[in-house]
Number of protein chains: 2
Amino acid sequence: MSSSNQATRQVHERAVESLREQGYRLTPQRLLILSVVAESGGHMGVDQVFRLAKEAYPYMDIATVYRTLHLLKKLNVVTEVAIGDRLHYELTDPEGRHHHMVCQICSGAFNLSPHYLEQFRHTLMQEFNFEPDLEHFTITGVCSTCQGQPAKG
Amino acid sequence: MSSSNQATRQVHERAVESLREQGYRLTPQRLLILSVVAESGGHMGVDQVFRLAKEAYPYMDIATVYRTLHLLKKLNVVTEVAIGDRLHYELTDPEGRHHHMVCQICSGAFNLSPHYLEQFRHTLMQEFNFEPDLEHFTITGVCSTCQGQPAKG
DNA sequence: TTAGCGGTTGCAAGGAGTCGCAATAACTGG
DNA sequence: CCAGTTATTGCGACTCCTTGCAACCGCTAA
């Protein structure tokens, strides 16, 4: 009865609702992949999700993991985060959208409120009549802890 | 003696200089790939570069195209632009860096001066002490011509 | 509870991009 | 101009991700 279990249950309920509402089927594979991501607490690479899901259900296929992750993303249940050149997935922040700042040195990810992008969006629309899609948006750079350290690679 | 030929020649000279300065060798493959990009006038996908280069030199390998494009990018001779989920390459703008706005509907690409990102960069550094890497930066969205049209896909 | 429609899965094949390696060839010093 | 050094190429194998397809199974209606 930990708060983590409770959060996980809520996530499941909301996801199940989204799936049924839109006519998608509730398959064990989808629920399993969802619970793997939900229980991780943070963002996970596709291969991590695959490995953990396969432990629970050995027939799990990597294609199903990709398809399910894409679906959950479309339903706004999970959020896609680009870390390095790999996509990661995490539960969508119920507090509202946020963006990420990812450190090129330590790979740490930090949340960034959409607030900081609002002005930028506003400018683009004013000046260029260009409606930017800033939903899934990651800024790479060097975090405060790593500043002064040499870049890796 | 068109201005395009002249521009191309200048690009070659500068690229050759960069290569020699840093101890890289001047190979026919590198010069060919460079001239293909230089003569295109805009941004090119890797496969387009490969096809054109292979017409001129049938032994050209796709791996060489990738390696050369990455090298020219490192030398700041070409600039990498993310269009959709594919990387494109163009000659680095001698007028200074610019970013791109790419329309999700018509795939048109528009230049964006770094000026518009400066304030955003400043905010991130002030508030989070996070030094963002905004060198190669593309914003997707819907351009003014396509607004009101249905999104593709 | 059951039949059957059609969305999903697992598999295998395919495309994009990367990497290791042996052969090649661009540069250097003599 | 030539031989040696070593960066670079072309190739094949490999990884990551996507796609086509036949078998499967979740869901609905009777």
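What you see is a predicted model, and the numbers here were worked out from it, not measured in a lab. Naming convention: chains lettered A, B, ... in sequence-line order (proteins, then strands); numbering from 1 in each chain.
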Practice problem: Rounded to the nearest angstrom, tell me the gap between atom CG in Asp61(B) and atom P in dT18(C). | Solution: 13 Å
Self-check item: Close approaches to DNA chain D from residues 18-25 of chain B, in residue order (heavy atom, under 4.0 Å)
Solution: Tyr24(B), Arg25(B)
Exercise. Using a heavy-atom cut-off of under 4.0 Å over every strand shown, decide if Arg67(B) touches base, sugar-phosphate, or nothing.
Key: base
Self-check item: Separation of atom CG in Asp47(A) from atom C1' in dC16(D), rounded to whole Å
Solution: 10 Å
Quiz item: Counting only side-chain N and O atoms of Thr64(B), is one of them less than 4.0 Å from OP1 or OP2 of dG10(D)?
Solution: yes
Practice problem: Rounded to the nearest angstrom, tell me the gap between atom NZ in Lys73(B) and atom C1' in dT18(C). | Solution: 14 Å
Quiz item: How long is the line joining NZ of Lys74(B) and C1' of dA7(D), in whole Å?
Solution: 12 Å
Quiz item: In terms of side-chain heavy atoms of Thr27(A), which of dT8(C), dG10(D), dG17(C) is nearest?
Solution: dT8(C)
Quiz item: Which atom pair, heavy atoms only, marks the closest approach of Tyr89(A) to Val46(A)?
Solution: CE1-CG2, 3.8 Å
Self-check item: Distance in angstrom units between Arg86(B) CZ and dC17(D) C1', rounded
Solution: 10 Å
Quiz item: Touch check for Tyr59(B), heavy atoms < 4.0 angstrom, all strands: base, sugar-phosphate only, or nothing?
Solution: sugar-phosphate
Quiz item: Closest to the His70(A) side chain: dT9(C), dC17(D), dT18(D)?
Solution: dT18(D)
Quiz prompt | Rounded distance (Å) that lies between atom P of dG7(C) and atom CG of Leu71(A) | solution = 13 Å
Practice problem: Please state how far atom OH in Tyr66(B) lies from atom C1' in dC14(D), giving the value in whole angstrom units. | Solution: 15 Å
Exercise. Can you see which heavy atom on Met44(B) is nearest to which on Val37(B), and at what distance?
Key: SD-CA, 4.1 Å
Quiz item: Among dT18(C), dG10(C), dC27(D), which is the nearest nucleotide to the side chain of Leu26(A)?
Solution: dC27(D)
Practice problem: Indicate, with a heavy-atom threshold strictly under 4.0 Å, whether Tyr57(A) touches base, sugar-phosphate, or nothing. | Solution: sugar-phosphate
Exercise. Could you check whether Pro28(B) gets within reach of a base, just the sugar-phosphate, or nothing at all, counting any heavy atom under 4.0 Å?
Key: sugar-phosphate
Quiz item: Would one find a side-chain N or O of Gln29(B) under 4.0 angstrom from OP1 or OP2 of dG10(D)?
Solution: yes
